[in-house]
Amino acid sequence: MNIKTLFFGVTRDIIGEGSAIFDLNEDLTIADFQNILTKNYSGLTDIKSFAVAVNEEYVTEDYKIQENDIIAIIPPVSGG
Amino acid sequence: MNIKTLFFGVTRDIIGEGSAIFDLNEDLTIADFQNILTKNYSGLTDIKSFAVAVNEEYVTEDYKIQENDIIAIIPPVSGG
Amino acid sequence: MKENISIKLTTNKLRLQECIDFVQDNSCGGIATFVGTVRNHTKGKEVKQLEFSAYTSMAIKELQKIAEQALDEFDILKIAIHHAEGLLQIGEVPVIIAVSSVHRGASFKACEYAIDTLKETVPIWKKEYFKDGEVWVNAHP
Amino acid sequence: MKENISIKLTTNKLRLQECIDFVQDNSCGGIATFVGTVRNHTKGKEVKQLEFSAYTSMAIKELQKIAEQALDEFDILKIAIHHAEGLLQIGEVPVIIAVSSVHRGASFKACEYAIDTLKETVPIWKKEYFKDGEVWVNAHP
């Protein structure tokens, strides 16, 4: 299934773009997806410590990715 | 000695004016003066619980009143 | 008066932006403010207006002391304490406190300290006007 | 959006008076505010300007959650949380929080809660520009 992923802040700079489509197998968790990302992008060494949102809500790393999910990688926030 | 005394808030309303001159003996304390005031003004029943300032600084009731002191009776404040 | 303290006791309308501009500093990371407003009720009774009177010369000294204590006690940069005198209508502003600091926690603490202390020590008195009369607030503790 | 919550994430200049006017209420006794400002230094280095970027749709949801939690948890009347996006110069205002309440303690607590939580949960990122480069704040915790 094709899963849209959004990148922000330092992650966007590392990836070089704000979003990407990944063709993922079924039944992957967020933790699995993070491993895929670190294999594809050598700069994403810190990603395991970054938060992840699915459809604009924070999720834990055991969340199972589903069709039509929009994933966002959330590096440490620094608003305010 | 003649001592000027200032009245504020509810005390001013009870006394009917903002200041008065009292002819006091030497060596009186604030506590003594409070007793004199309650004898002269029957409405000043709460005065023992009111703060007193001398020359714009709070004093305790054992303060000895001196020539040229300006005394202020400070009912509970309610600024802010 | 020190450069990092602004004290006012005035019959003019208080202006928040003036307090912000005073405490603003290029090295500050945040400004905490408290803006008092005139409530339309007290203990279930409708308030029509308020009047603030002060022992002006002493009140200014006490406000100055609060500002100095806040600067001593908290890691803040600047503080403004402005208080109104005279008649105020519902929604008008009797007091503004603004505090700047490098790290925000200190501003919040200093701002709360200043308003708490002001309400305890500064010789200013508030009279509430109701439909059927008027009363000095806290006059009989 | 509820009548007692004002949320904004905008590239326009933030206006404190707009936040005050929103939370002001004739039954309120006080308004606590926090005004963030852009500091001219960080860890000893001079900052030239800042840039805020956001996951806008999620950030607005998270700001809304903070406002709702503050209303649930503290005895407050209204809350405004406005945050800037885009480039900001030294002294400009990235964030304003204003909270009104009948009794002032609740406003202070809610205001501090809101800014503390915003800095932890809302997907907004700050980039600091120095003379010799730029860096995402907190990017490597």
Side-chain angles (χ1 to χ4, degrees), chain C residues 14-21 23-44 46-50 77-78 89-116 118-119 126 128 137, chain D residues 14-21 23-44 46-50 77-78 89-116 118-119 126 128 137:
Chain C
L14 303 186
R15 297 193 313 109
L16 178 56
Q17 195 59 48
E18 181 183 330
C19 295
I20 294 278
D21 291 345
V23 300
Q24 162 76 53
D25 187 293
N26 284 347
S27 67
C28 97
I31 297 167
T33 77
F34 177 76
V35 178
T37 53
V38 175
R39 250 193 308 232
N40 63 359
H41 66 274
T42 186
K43 291 168 191 157
E46 189 188 347
V47 177
K48 295 294 186 187
Q49 60 178 16
L50 287 188
L77 295 166
K78 296 183 186 173
Q89 306 305 313
I90 304 304
E92 290 192 322
V93 173
V95 63
I96 298 176
I97 298 173
V99 183
S100 61
S101 59
V102 175
H103 300 290
R104 69 186 181 281
S107 286
F108 277 112
K109 285 196 190 74
C111 194
E112 198 164 8
Y113 167 82
I115 182 64
D116 288 351
L118 183 157
K119 283 172 181 271
K126 174 163 64 179
E128 291 177 328
V137 177
Chain D
L14 302 186
R15 297 195 312 110
L16 178 57
Q17 196 59 49
E18 180 184 329
C19 295
I20 295 277
D21 290 345
V23 301
Q24 160 76 54
D25 186 294
N26 283 347
S27 66
C28 97
I31 297 168
T33 78
F34 177 76
V35 178
T37 53
V38 175
R39 248 192 309 230
N40 63 358
H41 66 275
T42 185
K43 291 168 191 156
E46 190 189 347
V47 177
K48 294 295 184 188
Q49 59 179 16
L50 287 189
L77 295 166
K78 296 183 186 173
Q89 307 305 313
I90 304 305
E92 289 192 322
V93 173
V95 63
I96 298 176
I97 297 173
V99 183
S100 60
S101 60
V102 175
H103 300 292
R104 68 188 180 280
S107 286
F108 277 113
K109 284 194 191 74
C111 195
E112 197 163 9
Y113 167 82
I115 183 63
D116 288 351
L118 184 156
K119 284 174 181 270
K126 176 164 62 178
E128 291 177 329
V137 177

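Protein chains get the first letters and strands the later ones, always in sequence-line order, with residue 1 at the start of each.
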Chain D contact via C:I96 - side chain, backbone, both or neither, heavy atoms under 4.5 Å: neither
So with a 6.0 Å cut-off around NZ of D:K126, is the heavy-atom count from everything else above 12? yes
Which portion of D:V38 sits near chain C, non-hydrogen atoms under 4.5 angstrom: backbone
Which residue in the set D:F108, D:F34, D:Y113 passes ring-ring contact (aromatic ring centres under 6.0 Å, His included) when paired with C:F108? D:F34
Is there side-chain contact between C:E112 and D:E112, with at least one heavy-atom pair below 4.5 Å? no
Considering only heavy atoms, which portion of C:K119 lies under 4.5 Å from any heavy atom of chain D: side chain, backbone, both, or neither? side chain
Choice from C:D25, C:D116, C:I20 maximising heavy atom contacts with chain D below 4.5 Å: C:D116
Using a 4.5 angstrom heavy-atom cutoff, name the option from C:I115, C:I97, C:T37, C:V93 with the most pairs to chain D. C:T37
To the nearest 0.5 angstrom, please state how far the CD1 atom of C:I90 sits from the SG atom of D:C28. 11.0 Å
Below 4.5 Å, heavy atoms only, C-beta onward: do C:R39 and D:H103 meet side chain to side chain? yes
Honestly, the part of C:V95 sitting under 4.5 Å from a heavy atom of chain D is neither
